Protein chains: 4
Amino acid sequence: MPKLGMQPIRRDALIKATIEQIGEKGTTDVTVAQIARAAGMSSALAHHYFGSKSDILVEAMRQILRTYGDLVRGALVQAQTPHERVQAIIFASFAQPNFDRTHVVAWMNFYVLANVEPRAARLLRVYQRRLRSNLAAHLRPLSGARAMDVAKRLAALIDGLYLYHSLRAEAPNGARAAEHVNAALRAELALCAS
Amino acid sequence: MPKLGMQPIRRDALIKATIEQIGEKGTTDVTVAQIARAAGMSSALAHHYFGSKSDILVEAMRQILRTYGDLVRGALVQAQTPHERVQAIIFASFAQPNFDRTHVVAWMNFYVLANVEPRAARLLRVYQRRLRSNLAAHLRPLSGARAMDVAKRLAALIDGLYLYHSLRAEAPNGARAAEHVNAALRAELALCAS
Amino acid sequence: MPKLGMQPIRRDALIKATIEQIGEKGTTDVTVAQIARAAGMSSALAHHYFGSKSDILVEAMRQILRTYGDLVRGALVQAQTPHERVQAIIFASFAQPNFDRTHVVAWMNFYVLANVEPRAARLLRVYQRRLRSNLAAHLRPLSGARAMDVAKRLAALIDGLYLYHSLRAEAPNGARAAEHVNAALRAELALCAS
Amino acid sequence: MPKLGMQPIRRDALIKATIEQIGEKGTTDVTVAQIARAAGMSSALAHHYFGSKSDILVEAMRQILRTYGDLVRGALVQAQTPHERVQAIIFASFAQPNFDRTHVVAWMNFYVLANVEPRAARLLRVYQRRLRSNLAAHLRPLSGARAMDVAKRLAALIDGLYLYHSLRAEAPNGARAAEHVNAALRAELALCAS
DNA sequence: AATGAATGAGGATTCATTCAT
DNA sequence: GATGAATGAATCCTCATTCAT
C-alpha cells in the first residue's frame, strides 16, 4: 500500500531506528539490514532513501544535534539572567530525550565514528565550538576574563559525564548529572568572586 | 631460527601495534592482519599468541591501564601532602606516554568497545572506580564530606578532556589539560574552605 | 495530462536513450533507470512500454538495423552499375547516423549481448547473412564464382573496422573507413580480372 | 592439504577458468564465485590472489595476449622471406589454442570490457598497434608505401573474422579463416605489383 | 616457532521488476 | 498514462579464524 510522500516518513523512521540500534547494540557496526528491519522496511529501501550507511549515520548524528540545539534554544528563551542562561544550557544538556542510555551510547559511538567519517568530525567540532562559545558568552558577565576557560571545563565535564554514563547499565539520571555541573559552576564562580 | 621465550616478546609487540593501529586508523575495525603486519608477523601468529581479536584488544586495554597505574603509583610516592597527592594523580592522567593522540584515540575506542566486550567494560569500570576512590581518599582531608562528589567531577572532567582531544588533530597538550583540572580542583577546594 | 498515442513516442525515446547510454557508458550494464531518466521518464514506465530490460535492448538493436537497412536501400536505388551498387552498400555501412562513436560502441555491445540473448543473436545473424548475400549478389557480375568469398571478406572487414573504432577515442571517420573497404574491393576485383 | 608456492598455480587456474567461463557463458558478467568454483576454490581465495574481479579479467586478457605473442614469435623465427613472415602472423592469428569458440567469445568480451576498464583498453591498443606495425614492417618489402594501409586492412579483417565467429555456434575453422586473410593479402599484393 | 593457504560467514550495495495509486 | 514505493535476489568484497606444513 504505497502512499505518496513517504520520503520524510521513511527517513525519520530510519534515523530513529539507527539511534536505537546503535544504542542497543552499543556499536555502529549494526547492520543496515538490522536498522532497516527495525524501521520496518528492507535494507534496499534504506539505501534508496539515504545513499549509504555512512549517510544514515551522519544524519542520525545531525538529528541528535538538532534535538539538542532545539532543547537549548527552548531553555534559553525562558532564562532571564546570565546565570539562568548558563544553567539553561546545562539542564538542556541532560534533558530528555537525549540523555537516556540509548542516546548516550549512540553519542559516544559518534565520537569514535568521527575518527573515520569527516562529516561526523565536522558535526562534533561544530557542537563543541557552539557549546563552549555559548557557555562563555553567558559566563562573561559572571566570570569575566576566565569565562572561556570555565566554559571549556564545563563543556568537558558535560561530555565526561556522558562518557561515564555510557558505561553504566542503569538509566542515567539527568538531574543528578546536571547538579554535578552546577556544583562545578558554583565553585568556579565563587572563586571568581573572591 | 625460533628463539626461546618468544611469547612475551611477540605479545608485547602485538599489543603495541594494536594501540598504534587503533590510534592511527581511529577505529577498532583495524584488521588483525594489519596489526600483525605492523608487529612484524603473520596474522596466524597473532591468533596463536592471543586466542582472538577480542583478546588482543582487551590486552591492549589492560596494557594502557597498567601503564597508567604505574604512572600514578610512581607519582604518588613522591607526593607528601594530600594536596600533592591529588595533583599527582591529575598529572599522571595527562603524562606521557598515555596522553598522546594515539593513546587518546585508542582510549576512546575502548570506551565504545566496552559496549560490546564485557571484559572491556569490566576493565573500564575498575579504572573508573579506582580513579574516583583514589581521588576521593586524598581529597577527604581537604574537602571532607564533599570529597566523593568532587572526585566524581574531577574524574569526569579528566575523561571529558580525553574525549575532547580525541577530536583534535594536533598533539594534545598534557600540561594545559592538567592545569584545567587543577583549576577545577582549586575552585572546588576554595568553595569548601569558605 | 496524458496524450493519446504516447506509446510510439515513449518507445522511440527509450530506444534512442538506450543507444545513447550504451554508447556513452560503453556497456549494456547501464541501468534501466539511467535509460529511463535519459528518456525523460520513470523506470516503471520503461517497463510498462517494454516488458523487460532485454526487450529494450533488443528493440534498440532492431532500430539500428532498421536505420542501416534504410540507408542501404536508399543508396541502392541511386546506384546504376553493379560496381556502384557494391559501393553503395559500403558507403551506407559507414554513413551517419550509424557510424559515430555512440553507435559503434553500442553495436559492439550488441555483438556481445548476442551471446546471452538469443533474439540479439538472431538479429545479428540476419544482418550478417543479408550483408553477405547483398554484397555477393552485386559482386557476381564482377567477380563471378569468387563473389561470395569476396563478400565474406568485405563484410568481415567492415565489422572489423567497427571493432577497431570502438576502441578509439576520436570520432570515427566514415569516409576513410569506406575508402579502406573500397581499396580492398579494388584489389579483389583486380585479381579477378587478371 | 595446503602446500607452498600455491600462488602461481592458483592464479593460472583462475585465469584459465575465467577465460573458459566467459567463453561458456558469453559474458564478463560471470560471477567471481562461478569462476572460483570452476577453478576449484572459494571466491575468497580468488580475491586473495587477485585484488578484484577487474584484476582477474585484465590478467585473463593479458594471458591471451601473451599466448598470442608467443605464437607469433614462434612462427616468425621459422619464416624466411617477408611473404612468409606476413603469413606466419596471419596463421598464428588463427592458431590454437586461441582460435576456438571459448577464446573468440572471451576476446570479443574483452573488446567491450575495454570501454569500461582502462587497463583492458590499453592492452587492446597495444595489441592493435603491434599487429599493424608487425604486419606493415614485413609488408614493406612487398607493397612499399601502401604497406601500412594494407596492414590496417588485414588487421581489421582478422578482428572482423573473430567477431564473425563469435556469433557462430560451431567451432571456428582456423584454416579457412586464415585462408580468407591470405586471399585478401594476395589481392592487395597483386594490385601493388601491377 | 611461524606462516601461507584456505574458507565460511557476513555485509554494503545495486538493480530489475512489481504494484498501488 | 505515469510514477513513487518497495523488495528479493544477487554480487563483490572483507575478515576472523583454522590448519597443514
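Everything numeric here is computed off the predicted structure, so don't read it as measured data.
- Here the CD1-CE distance, from D/Ile22 to D/Met108, works out to 12.5 Å after rounding to the nearest 0.5 Å.
- OP1 and OP2 of F/dG4 both lie 4.0 Å or more from every side-chain N or O belonging to A/Arg10.
- Remark: side-chain polar atoms of A/Ser42 are paired, donor with acceptor, to backbone N or O of A/Leu45 under 3.5 angstrom.
- A sub-4.0 Å separation between OP1 or OP2 of F/dG4 and a side-chain N or O of A/Tyr49 is absent.
- The separation between B/Arg37 atom CZ and E/dA2 atom C1' is 16 Å, rounded to whole Å.
- With respect to A/Gln21, the side chain to side chain contact (heavy atoms under 4.5 Å, CB included) criterion is satisfied by exactly one of A/Gln34, A/Lys16, A/Arg37: A/Gln34.
- In this structure, C/Leu14 atom CG and E/dT17 atom P are separated by 14 Å, rounded to whole Å.
- When the P atom of E/dT3 is taken as reference, atom CD of D/Gln7 falls 17 Å away, rounded to whole Å.
- At whole-Å resolution of the value, CZ in A/Arg11 and C1' in F/dG4 are 16 Å apart.
- Among all heavy-atom pairs drawn from D/Ile35 and D/Ala17, the shortest one is O-CB, 3.6 Å.
- With A/Tyr127 as the partner, the ring pair (Phe, Tyr, Trp, His ring centres under 6.0 Å) test is satisfied by one option alone out of A/Phe110, A/Tyr111, A/Trp107: A/Trp107.
- Rounded to an integer number of Å, the gap from CG of A/Leu4 to C1' of F/dA2 is 11 Å.
- Paired regions of DNA chain F, where each region holds three or more successive Watson-Crick or G-U pairs whose two hydrogen-bonding distances fall under 3.5 Å, are E:2-21 with F:2-21.
- The closest donor-acceptor contact from the side chain of A/Asn109 to the backbone of A/Gly26 lies under 3.5 Å.
- The two residues A/Ala13 and A/Met41 come nearest to each other via the heavy atoms CB-CE, 4.4 Å.
- In this structure, C/Glu117 places its CD atom 15 Å from C1' of E/dA16, rounding to the nearest Å.
- At whole-Å resolution of the value, CG in B/Asp55 and P in F/dT18 are 11 Å apart.
- Here the closest heavy-atom approach between residue C/Glu117 and residue C/Ser54 is recorded as OE1-OG, 3.1 Å.
- A/Phe50 comes within contact range of no nucleotide atom at all, as no heavy-atom separation falls under 4.0 Å.
- Between the C1' atom of F/dT7 and the CE atom of A/Met6 lies a distance of 16 Å, rounded to the nearest Å.
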(request) Any chance you could list the contact pattern along nucleotides 8-15 of chain F? Use B for base contacts, S for sugar-phosphate-only contacts and - for none, protein heavy atoms under 4.0 Å, 5' to 3'. (result) B--SSBBB
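- C/Arg66 and C/Gln63 are linked by a side-chain donor-acceptor pair at a separation below 3.5 angstrom, with hydrogens and angles left out of the test.
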